[in-house]
Amino acid sequence: MNCEEARALLTAYVDGELDLIHSLEIEKHIEACEACRRSVENQRTLRFAIERSSLRYEPTAAIEGRIETALRSSAPPNTRTQRGRWPWIAIAAGVLLATFIVGRWPFGVQPAVDNMVAQEILDSHLRSLLPGHLTDVQSSDRHTVKPWFSGRTDFSPPVEDFAAQGFRLIGGRLDSVSGRTVAALVYQHRQHSINLYVWPLPGAPDASATSTARQGYNLIHWTQAGLSYWLASDLNAEELQSLATLLRRALANASAP
Amino acid sequence: MQERDRLAHFEHLVVPHMPAAYNLARWLTRNDHDAEDVVQEAFLRAYRFFDGFHGGDSRAWLLAIVRNTCYTWLEQNRRPSLSLEESLPEPQSADPSPEALLLERLDRELLRRAIEKLPPEFREAIVLREMEGLSYKEIAAITGAPIGTVMSRLGRARSRLLQLLTGGSA
């Protein structure tokens, strides 16, 4: 791969949007090319600065209430439309847009569901950080934590410790997500607390890890051997991803015949 | 579907994405009041077109409507400072050195102002990618641009931000 080819792909490389083969080619290239390496470093630094600065704007409770009220009073929409403020051309354009989008929608329904679960996971993670809420059983010994869950849950969550890799198991607790009891395992990495949520999804196919950023926190989700997994932390996405990789590998080994 | 069920379904599926909708509208309009009006209008529109939503990613579906509403608003309230993507100079070929960046000391307000200076197509790419954590595919669906365009806009947006933040000419 020459420099020109590499430059065109550096952005996608930084964003983790390249396939493995191209990623490896980029990695090989930036070992030798200082300009491209610098570009990657700068893009990463910039991403980190934006993430750390929490630049999101949050709607006020007042505007949320106003919109809820407007929605309720606009129903049913076919008898009382809002035609006053917006010219018909804008509405027609909206119809066209909606048709266009629906016509070529590339996703399944699952992302929308996951998205709601993600918010619940994040809420639960934030609750767990309140004093005294993080662990019900406090132990770095997986042989203490694992039996604690039996009798309290109708499934047996895998309990792994990665102290050697910097992710120390510090305990577990029961939590509730989407109205069901889930196991939460708590890890510590430097000063960051990490929650791993586990619950059964019988018959669900395995799904590889996807990560999302939300209100300055990182979430990673995957499905493996009929269990749903969610990681939540304020740890940066790369390091959280490395914990996900460790877990997925350990779980695959554990369930291998 | 009963109107009451329709509203409940909408509130369950679409309303939870209000923070993402507001954040996008606020960055595109660059002003609290306009963002609030645009988000309200977008929600009413989304509700009106909700029957045309046949499952899928409700956040991306809503954000596409919010974006469309924002651009209509921007058209109607055109400000001289809004430059088009095409009027941007090509980014410099050489990246600033990491030492020059000093992003560790970067002021949050400085970063906010630099992002606000970006043309809307670049700004929305940064907002959707860095603040909402969306994939290229999701951003492509929301903005109606091919994935390659999403990538090049993000790349150019970052080059431009780096230039603004390091005082380089842009």
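Throughout, a chain's letter reflects where its sequence line sits, starting with A, and its residues are numbered from 1.
In terms of heavy-atom proximity, A:E17 sits nearest to B:S135 at OE2-CA, 3.4 Å. Shortest non-hydrogen contact noted between A:Y57 and B:Y22 is O-CD2, 3.7 Å. Closest heavy-atom contact between A:S53 and B:L111: OG-CD2, 3.4 Å. The two residues A:E58 and B:P19 come nearest to each other via the heavy atoms OE1-CB, 4.0 Å. Across every non-hydrogen atom of B:M151 and A:A12, the tightest pair is SD-CB, 3.5 Å.
For B:E11, the part sitting under 4.5 Å from any heavy atom of chain A is the side chain, from C-beta outward, and nothing else. Both the backbone and the side chain of B:V39 come within contact range of chain A, each with at least one heavy atom under 4.5 Å from a heavy atom of that chain. Only the side chain of B:L161 comes within less than 4.5 Å of a heavy atom in chain A; its backbone stays farther off. For a residue to count as touching a neighbouring chain, one of its non-hydrogen atoms must lie under 4.5 Å from one of that chain's; by this rule B:I115 touches chain A with the side chain only. For A:A237, no part lies under 4.5 angstrom from a heavy atom of chain B. Proximity to chain B (any heavy atom under 4.5 Å) is shown, for A:D15, by both the backbone and the side chain. Neither the backbone nor the side chain of A:T210 has a heavy atom closer than 4.5 Å to any heavy atom of chain B.
At least one side-chain heavy atom of A:T11 sits less than 4.5 Å from a side-chain heavy atom of B:Y136. Contact check for B:I126 versus A:I50: side-chain heavy atoms found under the 4.5 Å cut-off. Put simply, the side chain of B:V15 reaches to within 4.5 Å of the side chain of A:L71, judged on heavy atoms. Side-chain contact check for A:R56 versus B:R26: every heavy-atom pair is 4.5 Å or farther apart. With contacts defined as side-chain heavy-atom distances shorter than 4.5 Å, the pair B:R158/A:N42 does not qualify. Counting heavy atoms from C-beta on, the side chains of A:L55 and B:N23 never come closer than 4.5 Å.
Taking chain B as the reference chain and counting heavy-atom pairs below 4.5 Å, the highest number among A:R214, A:E64, A:Q119 is found for A:E64. Chain B forms the most heavy-atom pairs under 4.5 Å with one residue out of A:E68, A:E51, A:R47, A:E34, and that residue is A:R47.
The neighbour count for B:E109 CD, taken as heavy atoms of other residues, nucleotides or ligands under 6.0 Å away, is above 12. With a 6.0 Å radius and a threshold of 12 heavy atoms from other residues, nucleotides or ligands, B:H12 has its NE2 atom at or below the threshold.
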